[in-house]
Amino acid sequence: MRTYSNNSQLSGALRAERAKGHRIAFVPTMGNLHEGHLNLVRKAQELCDTVVVSIFVNPMQFGANEDLDAYPRTLTADKEKLFALGVPHLLFTPRAEDIYPNGVQAQTAVSVPQLSDTLCGASRPGHFTGVATVVTKLFNIVQPDVAVFGEKDLQQLSIIRKMVHDLCLPIDIVGVPTARASDGLALSSRNIYLDDAQRRHAPLLNQTLLEVRDAIACGFDNYRELETRALTRLSEAGFEPDYFQIRDARTLGEVTEATEEVAILAAAKLGKPRLIDNVRLALNPVSDWGMLAAL
């Protein structure tokens, strides 16, 4: 595993890989790697000859009152996990001044309209502009054939796909299913902020998503009632819900008669961390209204 923090050095190494006829897969991360990240790297290895992983805590996607300074930075441990995995072939660890040489405020921004303004974007204004901007810059540095992202942040994945399509970037975007603990909690770098009691309680978010999915699968189609009941359940259990929404999985817009698959998405604070999760369901309802009682 070769590590680079300089853009031009990484570009030179990648030119050598392409000269061998190698396809390049890219996994951008903010570090503090867990099994979910490693699954992305494994998928990248399946798809291409050469795998690049970046570790960069992107200041542009953090709001004024968010945890940029406290965000866990564990580069030594991250390198050990990647080394034990046997991939990536190249690790990119730029500094903020490498990515934003003139500072964040002077940076040309990439904005994906509509998709960025809803769900997490509504409560974190500017967040997805920061994501889209840094990912575009990293894509231009790495110039991958394939980029791999997790499906836990389905909104982010949708935004990246639209950005790549709209900007005519020749990159295949691959989503990987959410990695979970044995009790269903979606793996996240921010889970370390949960205390023991909160950690035991946290899987209720995923359980509520699954119960709503099962209710829809059994034919219950009053989505607003399902959302309201889910929000109430989470609030009564000590969460601070941001949203609980049933959306078209392809567009993340409202469900219509043309919707073929729904995504059920939720974000809620539990103590310090803000947890996000989602589940999806192809629409093929049967008549059984009893599942609503599970909520």
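Position 1 is the first residue of the sequence, and the numbers go up from there. This one's a predicted model, so the numbers in the text were calculated from it and none came from an experiment.
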[X] side chain vs [Y] backbone, donor-acceptor pair below 3.5 Å:
| X | Y | answer |
| --- | --- | --- |
| His89 | Met1 | no |
| Asp172 | Val146 | no |
| Thr29 | Ser54 | yes |
| Asn32 | Ser189 | yes |
| Thr50 | Ile24 | no |
| Lys81 | Leu38 | no |
| Thr133 | Gly130 | no |
| Arg73 | Tyr71 | yes |
| Gln155 | Thr118 | yes |

Are [X] and [Y] grouped together when hydrophobic residues (ILVMFWY) are joined by side-chain heavy atoms under 4.5 angstrom apart?
| X | Y | value |
| --- | --- | --- |
| Leu14 | Phe139 | yes |
| Ile159 | Val27 | no |
| Leu169 | Val131 | yes |
| Tyr243 | Leu270 | no |
| Ile141 | Leu91 | no |

Checklist entry - For the side chain to side chain donor-acceptor pair (under 3.5 Å) test, which of Thr178, Asn206, Thr208 pairs with Asp277? => result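 The passing option is Asn206.
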State, with a plain yes or no, whether a side-chain heavy atom of [X] is found less than 4.5 Å away from one of [Y].
| X | Y | value |
| --- | --- | --- |
| Pro273 | Asn191 | no |
| Cys120 | Ile276 | yes |
| Val134 | Met60 | no |
| Ile264 | Phe244 | yes |
| Arg233 | Glu211 | yes |
| Leu283 | Ile216 | yes |
| Asp98 | Phe56 | no |
| Phe149 | Ile173 | yes |

Next on the checklist: Please enumerate all residues that pass salt bridge (charged side-chain N to carboxylate O under 4.0 Å, His left out) together with Glu46, with sequence neighbours excluded.
Outcome noted: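 Lys43.
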Can you tell me how far apart [atom1] ([X]) and [atom2] ([Y]) are? Round to the nearest 0.5 Å.
| X | Y | atom1 | atom2 | result |
| --- | --- | --- | --- | --- |
| Arg15 | Leu10 | CZ | CG | 10.0 Å |
| Leu252 | Arg247 | CG | CZ | 7.0 Å |
| Arg250 | Arg280 | CZ | CZ | 13.5 Å |
| Ile246 | Asp221 | CD1 | CG | 10.0 Å |
| Asp248 | Glu261 | CG | CD | 8.5 Å |
| Ile160 | Phe128 | CD1 | CZ | 9.0 Å |

Looking at every heavy atom in both [X] and [Y], which two are closest together, and how far apart are they?
| X | Y | result |
| --- | --- | --- |
| Leu194 | Ala202 | CD1-CB, 4.0 Å |
| Gly36 | His34 | N-ND1, 3.0 Å |
| Pro88 | Val41 | N-CG1, 4.4 Å |
| Met163 | Thr136 | SD-OG1, 3.1 Å |
| His22 | Glu17 | ND1-OE1, 2.9 Å |
| Asp78 | Gly31 | OD2-CA, 3.4 Å |

Next on the checklist: Using a strict threshold of under 4.0 Å (side-chain N to carboxylate O), is an ion pair present between Asp67 and Arg274?
Outcome noted: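 The answer is no: the pair does not qualify as a salt bridge.
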Item to check | Glu35 and Arg42 ion-paired at < 4.0 Å | outcome: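 Arg42 and Glu35: salt-bridged.
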Next on the checklist: As a quick check of understanding, evaluate salt bridge (charged side-chain N to carboxylate O under 4.0 Å, His left out) for Asp145 and Arg18, giving each step before the final call.
Outcome noted: CA-CA 11 Å; Asp145 299 286; Arg18 292 189 187 91; 5.5 Å; no
Item to check | Gln114 CD: over 12 foreign heavy atoms closer than 6.0 Å | outcome: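 For Gln114, atom CD is not crowded (no more than 12 foreign heavy atoms under 6.0 Å).
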Checklist entry - Crowded around Glu97 CD? As in, over 12 foreign heavy atoms under 6.0 Å? => result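 Yes, because the 6.0 Å sphere around CD of Glu97 holds more than 12 heavy atoms from other groups.
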Checklist entry - Phe239: what forms a ring pair (Phe, Tyr, Trp, His ring centres under 6.0 Å) with it, not counting sequence neighbours? => result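 With neighbours one apart ignored, the set is His201.
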Item to check | Test item: side-chain donor near acceptor, Asn58 and Tyr100, under 3.5 Å | outcome: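 Per modelled atom types, Asn58 and Tyr100 side chains form a pair under 3.5 Å.
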Next on the checklist: Side-chain heavy atoms under 4.5 Å apart, restricted to Ile/Leu/Val/Met/Phe/Trp/Tyr: what other residues fall into the cluster of Ile192, or is it alone?
Outcome noted: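 Taking Ile, Leu, Val, Met, Phe, Trp and Tyr as members, Ile192 shares its hydrophobic cluster with Tyr193.
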